[in-house]
Amino acid sequence: MQEIHHPLMNQTLGTSREIVSYHFGPSDVGRKVYIQSSLHADELPGMLVSWFLKKKLRQLESDGVLTGEVVLVPVSNPMGLDQHVQAGHLGRFELDSGENFNRNYPDMAELIKPELPGVLGSDIDANARAIRRCMQESLAGLPAETQLQAQRITLMKLACDADIVIDLHCDWEAVLHLYTADPLWADVEPLARYMGSETSLLATESGGNPFDEACSQTWYRLAAEFSGQFPIAPNGCVSITVELRGQGEVSYEQADADASAIVAYLGCKGYIAAPVLPLPDLRYPATPLAGVEPIKTRVSGVVVHRCAIGAVLQPGDPVADIVNPLTDEVTTLIATRGGRVFARHVQRFATAGDTIARVAGNEAFRTGNLLTA
Ligand SMILES: [Zn+2]
């Protein structure tokens, strides 16, 4: 195992921060997996999963069975880890700019597109190597004016040339679910099976350039852009955001099992010279991210949930009540389209406009920005 420290530019006098990456297996065979956790810094289940992964990968490395490089970044957002206000941890948005830590990653396809006609040819593997080289060169030349930008660029440098990227998050209260791109679903489906994913949400463009899409989108966009001209694998980077249930679901047993599931996936994708573990059934078919109905409230009050997380609802079924103890009014929020309740808010007080829960339906009906703020 190699441990590398990546200092971030200092934002304020007298402080310093760094990203620490751990590297396992051979780095010279042209195959690479990148795994990071807790990009939203108050989402801790993945950090514990990374801790188990570090132990398992170290063992696999010493057994000599890793057939490609695995890069692990357990603490991907040291800036957000340090944002505590009056005993509350605020790890989703940077306090200074208000920006979401998982948005606004560099658009690699746009950055490298002008250079590609000069370096691409008829060999799809050589083209993949050229694209990865162009991305690294482009990132090396990107200026970082703030520590937030430096953090984003550092993470992208570590991830952009990987074949597989796994970004470990969690939701407020949720079943295990994941986000990936439509063209990658066949590659991701085994991970959904091993991890027991209960909802798998697909989109080619979620909006806002989150980390996973910044890694994967480059490939299927460039493959379309240069179609008929140069062969490019649309799945050159199989990137997935895994939501490891709810924020409070941090336990040794679960984290160990989740880490084992990720190792099983790496085995399935040929990164471990050992028998592939049998694939469990897929618990629930993939659905479009554009089919997710946010259950919003127009009124304020106490939230009383009417169904369990993971429940499958029919159109018109109740999701939650909003109780106003001043007027005695009870407002029932319903799922208008039906589907699986895969996530809900952790707070039990609603302000008008809040999203109380999200329901994954089978049919796409939304457009524009598909992710929550
Ligand atoms: Zn997150």
Side-chain angles (χ1 to χ4, degrees), residues 19 34-51 53 72-85 88-95 97-105 148 151-152 154-156 158-159 165-181 188 191-192 195 197-203 205-217 239-250 254-255 258-259 261-262 289 292 294 309 341-347 354-358 360 369-373:
I19 300 285
Y34 175 80
I35 303 170
Q36 70 176 21
S37 49
S38 305
L39 185 55
H40 289 134
D42 51 0
E43 300 175 359
L44 280 308
M47 203 178 285
L48 196 64
V49 171
S50 283
W51 185 60
L53 273 175
L72 178 68
V73 174
V75 178
S76 65
N77 183 1
M79 298 179 70
L81 267 189
D82 203 17
Q83 294 188 157
H84 295 262
V85 178
H89 189 185
L90 303 173
R92 186 173 182 82
F93 303 95
E94 197 222 1
L95 287 179
S97 64
E99 286 188 35
N100 188 318
F101 282 112
N102 191 22
R103 302 288 186 277
N104 304 324
Y105 279 83
L148 177 58
Q151 183 168 282
R152 286 180 180 135
T154 300
L155 297 175
M156 281 303 288
L158 284 162
V165 169
I166 302 176
D167 194 10
L168 299 174
H169 288 244
C170 71
D171 215 301
W172 284 309
E173 293 180 340
V175 294
L176 191 140
H177 59 285
L178 58 83
Y179 298 85
T180 193
V188 173
L191 181 68
M195 300 212 74
S197 177
E198 297 188 42
T199 300
S200 301
L201 299 165
L202 308 184
E205 174 89 51
S206 305
N209 229 19
F211 182 80
D212 68 334
E213 239 168 57
C215 293
S216 59
Q217 210 180 45
S239 181
I240 316 113
T241 290
V242 180
E243 303 281 347
L244 296 163
R245 309 171 194 82
Q247 273 178 316
E249 295 185 67
V250 178
Q254 191 63 70
D258 288 339
I262 291 170
L289 180 57
V292 171
I309 302 171
V341 183
F342 67 95
R344 68 188 192 191
H345 209 299
V346 72
Q347 290 179 13
D354 276 355
T355 296
I356 304 301
R358 280 172 290 147
N369 198 336
L370 299 175
L371 298 173
T372 50

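Indexing begins at 1, ligand by ligand and atom by atom, following the structure's order.
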C170 and R245 have their tightest heavy-atom pair at CB-O, 3.3 Å

Taking just the N, O or S atoms of H169, which one is nearest to the Zn ion (ligand 1)? ND1

Can you tell which of L191, D167, V49, V188 makes a side-chain contact (heavy atoms from CB on, under 4.5 Å) with V242? L191

Should the pair H89 and H84 be assigned to parallel (<30°), tilted (30 to 60°) or perpendicular (>60°) ring geometry? parallel

For the pair Y105 and F211, name the ring-plane relationship: parallel under 30°, tilted 30 to 60°, perpendicular over 60°. perpendicular

Is the Zn ion (ligand 1) less than 2.8 Å from an N/O/S atom of D171, whether that atom is in the backbone or a side chain? no

Counting backbone and side-chain atoms alike, does H40 have an N/O/S atom under 2.8 Å from the Zn ion (ligand 1)? yes

